[in-house]
Enquirer: 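Before I ask anything, here is the structure I am working with.
All residue numbers in this chain count up from 1 along the given sequence.
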Amino acid sequence: MYPLASPGGWNIIGRTTFPLYEPQKGILNQLNSGDTVRFKAISKDEFIAAGGSVEAFE
């Protein structure tokens, strides 16, 4: 999962608008070993409405 547009390795399965890394707020990671993550498919329009940017990936 990537919180912003960036080059990635193989097997990228998704992106998120959820802030995973916010060092200015003292949040270095929102997910920890052992956490359960559930992926939900959303449309491009829903992703954009949630604050996502698709320009770098088109």
Side-chain angles (χ1 to χ4, degrees):
M1 293 184 301
Y2 289 90
L4 37 111
S6 64
W10 61 284
N11 287 344
I12 295 174
I13 60 171
R15 292 187 294 147
T16 181
T17 59
F18 184 76
L20 297 173
Y21 176 72
E22 294 182 287
Q24 69 280 6
K25 293 183 179 179
I27 300 169
L28 300 181
N29 65 346
Q30 293 278 13
L31 302 173
N32 296 298
S33 296
D35 286 352
T36 300
V37 177
R38 178 173 291 169
F39 292 93
K40 177 186 170 197
I42 62 173
S43 71
K44 181 178 175 180
D45 290 338
E46 289 173 302
F47 183 76
I48 292 168
S53 174
V54 296
E55 290 80 22
F57 294 92
E58 292 188 309

Enquirer: Tell me, which pairs form a salt bridge (charged side-chain N to carboxylate O under 4.0 Å, His left out) where one or both residues lie in residues 24-33, sequence neighbours left out?
Expert: E22-K25
Enquirer: Tell me every residue that passes side-chain contact (heavy atoms from CB on, under 4.5 Å) with S43, counting only those two or more places apart in sequence or in another chain.
Expert: D45, E46
Enquirer: Do L28 and Y21 come within less than 4.5 Å of each other through their side chains, counting heavy atoms only?
Expert: yes
Enquirer: Do L31 and I27 belong to the same hydrophobic cluster, where Ile, Leu, Val, Met, Phe, Trp and Tyr are linked whenever their side-chain heavy atoms lie under 4.5 Å apart, directly or via other members?
Expert: no
Enquirer: Would you compute the distance between atom OG1 of T17 and atom CD1 of I48 and round it to the nearest 0.5 angstrom?
Expert: 11.5 Å
Enquirer: Taking side-chain contact (heavy atoms from CB on, under 4.5 Å) as the test, write out the residues that go with N32, two or more places apart.
Expert: N29, D35
